[in-house]
Chemist: 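One structure, pasted below without further comment.
Each ligand, and each atom within it, is numbered from 1 in the order the structure gives.
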Amino acid sequence: NENGEVDAAPESNESEYLSPVTVGGQSLNLDFDTGSADFWMFSSSMPLSQSQGHSTFNASKSSTWSVYKGASWEISYGDGSSASGTVGFDTVDIGGATVTSQAVELATGVSGSFTSDVNNDGLVGLGFSSINTIQPQQQKTFFENIMDDLEQPVFTADLEDNATGSYNFGTIDPSEYTGDIHFTAVDKSNGFWEFASDTYTVGGNKSQCQTCSPAIADTGTSLVLVDDDVAAAYYGQVSSAVYDSSQGGYTYNCTESLPTFGIAIGSDYTATLQGADITFAQIDSQTCFGGIQGNSGGGIQIMGDILLKQFFAVFDGGNETFGVAEK
Ligand SMILES: CN(C)c1ccc(C(=O)NN)cc1
């Protein structure tokens, strides 16, 4: 089999997790992203003004690279960032799991937030290839390419709070979790690991959702973005909380003890966050920015790293389910 395991190292402000990937013999630190399906890297054919500080992939130095003539890609993410460029095929090794002809996208241009995020050399899309942006023909993700060669058609994410975790391809390591894994069916029709989430809890009190947007498990998003009525209900229980449009979200006094927040993962499990695990950042001597925020009516609820790092997550491409376990 082709199993593989790599570290997932949190970036300084825990806004993302980076993992070492070898492409055509060159190693870069990439952001594994279950919320998108493009595998792209900073490349030597970018303006230096944009790649300054990043590791870049140099196709001319790879003996196994082949160009996908006439192909291109262009992607934009939920936070407004974007990237675009050219396409080829190369050998990709992630902790021993190897795909010999992975479609690899080379950036010729990226937006400012990618340039300034100097530890991030690109993304490994682990969503479904129906949202891959390569033209004229969409290409499969690393996981789709390797899935049938794995011991089990799964990958797992053990993201940690202020510590290095791991991504595992092909096995569910029992040492990485406790108790049961609570699975729910995934609807992949929008290209995401998407599932229903119809209830939530604040301070242990359960509420039925109003908007009830489906949720996605997104390792590439830092925060938990819930329907706006859910965010309002949560921060309504935090006495100093205000919606600060200059910060782009709810802030509160860092001295507050926050209530727990629970979100349904399918119909029979609620993933509960402790109040102490909900703050995302301290923005000044007294003010904190919440890790739970509204989705601005976006129509999907995004379960990002603030939640995922408190659990062991299983992405099962065989029976198309998503599961979480405590750890
Ligand atoms: C600017 N960077 C590093 C980003 C990385 C990932 C994403 C994202 O929405 N992933 N689902 C956005 C931006």
Chemist: Closer than 3.5 angstrom, by distance alone: can the side chain of Asp180 be matched with the main-chain N or O of His182 as a donor-acceptor pair?
Modeler: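 Side chain of Asp180 to backbone of His182: no pair is present.
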Chemist: Show the atoms of ligand 1 that are less than 4.0 angstrom away from any heavy atom in Asn120.
Modeler: 3 (C)
Chemist: Which protein non-hydrogen atom lies closest to atom 2 (N) of ligand 1, naming both residue and atom, and how far is it?
Modeler: Phe114 CE2, 3.2 Å
Chemist: Give yes or no for whether the N/O distance cutoff of 3.5 Å, strictly under, is met between Asp31 and ligand 1.
Modeler: no
Chemist: Counting each atom of ligand 1 from 1 as listed, which ones have a heavy atom of Glu16 under 4.0 Å away?
Modeler: 3 (C)
Chemist: Between the side chains of Thr164 and Asp7, is a donor N or O closer than 3.5 angstrom to an acceptor N or O?
Modeler: no
Chemist: Using only atom types and a distance under 3.5 Å, with no angle test, would you say the side chain of Asp158 pairs donor to acceptor with the backbone of Ser166?
Modeler: no
Chemist: Parallel, tilted or perpendicular for Tyr235 and Tyr252, by the 30°/60° rule?
Modeler: parallel
Chemist: Taking 4.0 angstrom as the limit and counting only heavy atoms of Asp218, give me the atoms of ligand 1 inside it, by number and element.
Modeler: 11 (N)
Chemist: So is Gly220 polar-close to ligand 1, meaning N/O to N/O under 3.5 Å?
Modeler: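 For ligand 1, there is an N or O atom that lies under 3.5 Å from one belonging to Gly220.
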Chemist: Parallel, tilted or perpendicular, judged at 30° and 60°: which one describes the rings of Phe322 and Phe195?
Modeler: parallel
Chemist: List every atom of ligand 1 that sits less than 4.0 Å from any heavy atom of Asp117, numbering the atoms from 1 in the order shown and giving each element.
Modeler: 3 (C)
Chemist: Which atoms of ligand 1 have any heavy atom of Thr221 under 4.0 Å away?
Modeler: 9 (O), 11 (N)
Chemist: Who pairs with Ser82 by side chain to side chain contact (heavy atoms under 4.5 Å, CB included), at least two apart in sequence or on another chain?
Modeler: Ser76, Ser111
Chemist: Pairs of nitrogen or oxygen atoms closer than 3.5 Å, one from Ser113 and one from ligand 1: do any exist?
Modeler: no
Chemist: Go through the side-chain N and O atoms of Thr64 and Asp90 and say whether any donor and acceptor fall under 3.5 Å apart.
Modeler: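 Judged by distance alone, the side chains do pair up.
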Chemist: Using a 4.0 Å cutoff against the non-hydrogen atoms of Asp79, which atoms of ligand 1 qualify?
Modeler: 1 (C), 12 (C), 13 (C)
Chemist: Which residues pass the side-chain hydrogen bond (donor to acceptor under 3.5 Å, both in side chains) test with Glu11, sequence neighbours left out?
Modeler: Asn119
Chemist: Distance to 0.1 Å, residue and atom name: give those for the protein heavy atom nearest to atom 10 (N) of ligand 1.
Modeler: Asp33 OD2, 2.8 Å
Chemist: In terms of residue, atom name and distance, what is the protein heavy atom nearest to atom 9 (O) of ligand 1?
Modeler: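 Checked against all protein heavy atoms, atom 9 (O) of ligand 1 sits closest to Tyr77 CB, 3.7 Å.
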